[in-house]
Amino acid sequence: MVQLQLDPFLNELTSMFERSTEKGSVWVTLKRSSLKSKVQRNKLANAGEAIEYRCLIRATDGKKTISTSVGAKDHQRFQASYALILKAHMTALKKRERKDKKKSAEVNKREVTSKLTKKS
């Protein structure tokens with residue numbers, strides 16, 4: 001796994017999405033992390049120092065895995081760029097077929113009335 005800076009991570013994420021447009025998927029995970037071991041966190045907590053948590057972001061397409069760490073200062077900028085990338089590459093999603101609300105309400109009403117008449 002390669003840990004990248006923010007801009008190279010976003011560029012590589014874009015290329016992952018572009019490679020997987022025809023076939024494949026990209027998985028992105030976000031996790032809160034202090035990037036310190038448990039022993040170091042306990043020492044900081046006992047000393048009364050505040051632990052700075054970061055957001056660890058990993059992306060994989062099954063072949064290549066990349067990651068980055070985002071602090072509180074860069075969070076807004078990263079989130080805006082990440083949202084633009086996601087919006088641009090969500091074109092392969094299929095729309096869900098929705099039932100007409102009136103038709104489904106009529107069907108449910110018929111089922112309820114038929115159950116009531118069978119019980120009588």
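Nothing fancy with the numbering, it's 1 onward along the sequence.
With sequence neighbours left out, the side chain to side chain donor-acceptor pair (under 3.5 Å) criterion links Arg77 to Asp7. The side chain to side chain donor-acceptor pair (under 3.5 Å) check on Ser67 picks up nothing, with sequence neighbours excluded. Annotation: side-chain contact (heavy atoms from CB on, under 4.5 Å) contacts of Ser25 (sequence neighbours excluded): Trp27. Legend: residues meeting side-chain contact (heavy atoms from CB on, under 4.5 Å) with Asp74, ordered by chain and number and at least two apart, are Leu6, Val70.
Cluster annotation: Ile85 is connected to Phe78 through the hydrophobic network of ILVMFWY side chains, with a link wherever side-chain heavy atoms come within less than 4.5 Å. Hydrophobic clustering, with ILVMFWY side chains joined whenever heavy atoms are under 4.5 angstrom apart, groups Leu86 together with Ile66.
Inter-residue side-chain proximity for Ile57 and Tyr82 is flagged as unmet; no heavy-atom pair is nearer than 4.5 Å.
Between Gln3 atom CD and Arg58 atom CZ the span is 9.0 Å, to the nearest 0.5 Å. With rounding to the nearest 0.5 Å, the separation of CZ in Arg32 from SG in Cys55 is 10.5 Å.
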Donor-acceptor contacts under 3.5 Å from residues 12-20 side chains, at least two apart:
{"residue": "Glu12", "atom": "OE2", "partner": "Lys64", "partner atom": "NZ", "Å": "3.2"}
{"residue": "Thr14", "atom": "OG1", "partner": "Leu10", "partner atom": "O", "Å": "2.9"}
{"residue": "Ser15", "atom": "OG", "partner": "Glu12", "partner atom": "O", "Å": "2.8"}
{"residue": "Ser20", "atom": "OG", "partner": "Met16", "partner atom": "O", "Å": "3.1"}
{"residue": "Ser20", "atom": "OG", "partner": "Phe17", "partner atom": "O", "Å": "3.2"}

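Within the 3.5 Å criterion, the main-chain N or O of Leu4 finds a donor-acceptor partner in the side chain of Thr68.
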